[in-house]
Amino acid sequence: MPTIIDTLKARGLYEDQTSPELDAVLQQPTTMYIGYDPSSSSLQAGNFVAIMAMAHFQRAGHRVIALAGGATGLIGDPSGKSAERQLLTEEEVRHNLEGIQENLSRFLDFNHPTVPARLVNNYDWFKDFTFISFLRDVGKHFRMTQMLGKESVKKRMASDESGMSFTEFCYQLLQAYDFLWLHDHEGCRLQLGGSDQWGNITAGTELVRRMRGAETFGLTIPLVCDSQGRKFGKSEGNAVYLDSKKTSYYDFYQFFLRTTDADAARYLRIFTFLPLEQIGQLEEALQAVPEKREAQRVLAEEVTRCVHGDVGLTVARRASEVLFGGALDGLSLTDLLAIFANVPSRELPHDAVVGKPVLEVAAAAGLFASKGEARRMQQQGGLNLNNQRVADAAQVFAAGDLIEGRVAVLRAGKKNFCLVKIVAT
RNA sequence: GGUGGGGUACUCAAGUGGUCAACGAGGGCAGACUGUAAAUCUGCUGGCUAACGCCUCCGAAGGUUCGAGUCCUUCCCCCACCA
């Protein structure tokens, strides 16, 4: 019978493991955990890879624990960072944890009859830990040479401009202790993480071995990049979030729909639960008739449905059809509002819109940061009103441009839409 | 605490008295071509302005000067080594 490791490998979710014996251990249901950084109130598409790996574990009958780094988030992980990072306040972290919990609930079954997922916060076991007892009980088991030998530490020490603070240096102790705590209290034997977490994970297995004489394991998943080698999950310079308040259904769907051919099949394996045979077929279809973009479409639909449900998918799909369909003429106000419910909009008084230059309205609506930016965009032919190019810089917003006297659709470039709604003054 | 090196726009990075809203590269955005792809080509990338131009900007605050990113003083921060 294929193990969870075989599944992960086949889907491109496997990078490395600490010991070959892990394969045998995973023949039995095992408790594993993965840590999330609460530096944002919503998980990003970048966290997606880890979440999928975790979901595969749960589907394979293992017990999964999501660890929110409420305490470690107050310190900051130096791994993969070139510079010291900003510290979050305790309130910020608390707020962010709530959002993360909500995000995770869409992938993990917290009510599973036999192996319900758990969410824990390491602040709970760190908050009453005193510095002295931590040094005595935990610090004793760490050797300086090993700590200094960590890749994340070495890199920073060798850097000309960044260096590293004691606080960040201690991060690995905290993460190692997490593993120990979960081992003791939850019977956790495996930590999963991104490949940049290798050093922190081995610090944990090492600590458990020294203090408890027990063997624990680590498994890393690859850092997913696009075919250009760029880190996955950035769109127009902004991260793609799982929270629809931060990234709309529409933008979320579009992000996946715009996937490059070269990445489509790989993303399908990583980000969906579709059977590998079906993905193989989509891959062939993409070769044969690339312009149909079938693989991208399925990818966008699957992922959007998983994260935002059927409702989110419907909204995103309808908006996409309309926005890439041409003229908006036949649409009623009700339709428009429904379609654009999830697209950025701005409410403006009638007087600030009708009779004003379109450029000014576009800037006021928040489509551009300044009038100058709006002008540049217009000059380059990238400004559209109701899907019609604004060719004249001096064009004035006419009353007739308002659909049913209430809304108008502004667009910058191909894909940045903004709905202007008129409010009564 | 001492010595040396740094802090310039989204990032990297030039710039050592005027020609600097600040070279260059990357990134980003837009247009053309396409398939909402890739590649390619072109343009844009501090604010206000139709434009002339005005304003803000080079870690912070003062100062010298007709004129300062560039010189001086003090302060803050980062890095390395030493104590």
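First the proteins, then the strands, lettered A, B, ... as listed; each starts at 1.
Checking D23(A) against Q17(A) by side-chain atom types alone, a donor-acceptor pair falls below 3.5 Å. Using modelled atom types and a 3.5 Å distance limit, the side chains of T130(A) and S133(A) yield a donor-acceptor pair. For the 3.5 Å distance criterion, the side chains of Q287(A) and D261(A) fail to qualify, holding no donor opposite an acceptor. Side-chain atoms of R258(A) and Q254(A) include a donor-acceptor pair closer than 3.5 Å. Defined by atom type and a distance below 3.5 Å, a donor-acceptor pair is present between the side-chain atoms of T72(A) and N122(A). Defined by atom type and a distance below 3.5 Å, a donor-acceptor pair is present between the side-chain atoms of Q197(A) and N200(A). Remark: the N416(A) side chain and the R411(A) side chain contain no N/O donor-acceptor pair separated by less than 3.5 Å.
Phosphate contact (OP1/OP2 of C29(B), side-chain N/O of R376(A), threshold under 4.0 Å): absent. In terms of phosphate contacts, R258(A) brings no side-chain nitrogen or oxygen within less than 4.0 Å of OP1 or OP2 of U34(B). R375(A) has a side-chain polar atom (N or O) that falls below the 4.0 Å cut-off from OP1 or OP2 of A50(B).
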Intermediate values then yes/no, ring-ring contact (aromatic ring centres under 6.0 Å, His included), F271(A) and F48(A): CA-CA 7 Å; F271(A) 299 117; F48(A) 212 172; 5.3 Å; yes

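Taking atom C1' in both G24(B) and U8(B), one finds a spacing of 14 Å when rounded to whole Å. The separation of A22(B) from A9(B), taken at their P atoms, amounts to 16 Å, rounded to a whole angstrom. The gap from the P atom of U42(B) to that of G47(B) amounts to 25 Å, rounded to the nearest Å. When the C1' atom is compared between U36(B) and G31(B), the two are found 16 Å apart, to the nearest whole Å. Taking atom C1' on both nucleotides, U49(B) is separated from C55(B) by 11 Å, rounded to a whole Å.
Across all strands shown, C44(B) pairs with G28(B); the Watson-Crick or G-U wobble distances both stay below 3.5 Å. Remark: A80(B) base-pairs with U3(B). Criterion, Watson-Crick or G-U wobble with two distances under 3.5 Å. Using Watson-Crick or G-U wobble geometry with both donor-acceptor distances under 3.5 Å, A68(B) finds no partner in any strand shown. Pair check for C33(B) finds none; no Watson-Crick or G-U wobble contact set falls under 3.5 Å. Nucleotide C75(B) forms a pair with G59(B), judged by Watson-Crick or G-U wobble geometry with both contacts under 3.5 Å. The partner of A14(B) is absent, by the rule that a Watson-Crick or G-U pair needs both atom distances under 3.5 Å. Under the Watson-Crick or G-U wobble criterion, with both distances below 3.5 Å, A50(B) is left unpaired in every strand shown.
Taking a cutoff of 4.0 Å between a charged side-chain nitrogen and a carboxylate oxygen, E206(A) and R210(A) qualify as a salt bridge. In summary, K9(A) and D6(A) do not engage in a salt bridge, as defined by a charged side-chain N under 4.0 Å from a carboxylate O.
Residue contacts for E373(A): at a heavy-atom cut-off of 4.0 Å it reaches no nucleic acid atom on any strand shown.
Considering only the side chain of Q380(A), A30(B) comes nearest among G35(B), A30(B), U36(B).
Taking a 4.0 Å limit (strictly below) on heavy-atom distances, residues 289-300 of chain A reaches RNA chain B at P290(A), E291(A), R293(A), Q296(A). Listed by residue number, the members of residues 357-371 of chain A with any heavy atom below 4.0 angstrom from RNA chain B are S370(A), K371(A).
For the pair M377(A) and K414(A), nearest-nucleotide mapping onto RNA chain B gives the more 5' position to M377(A).
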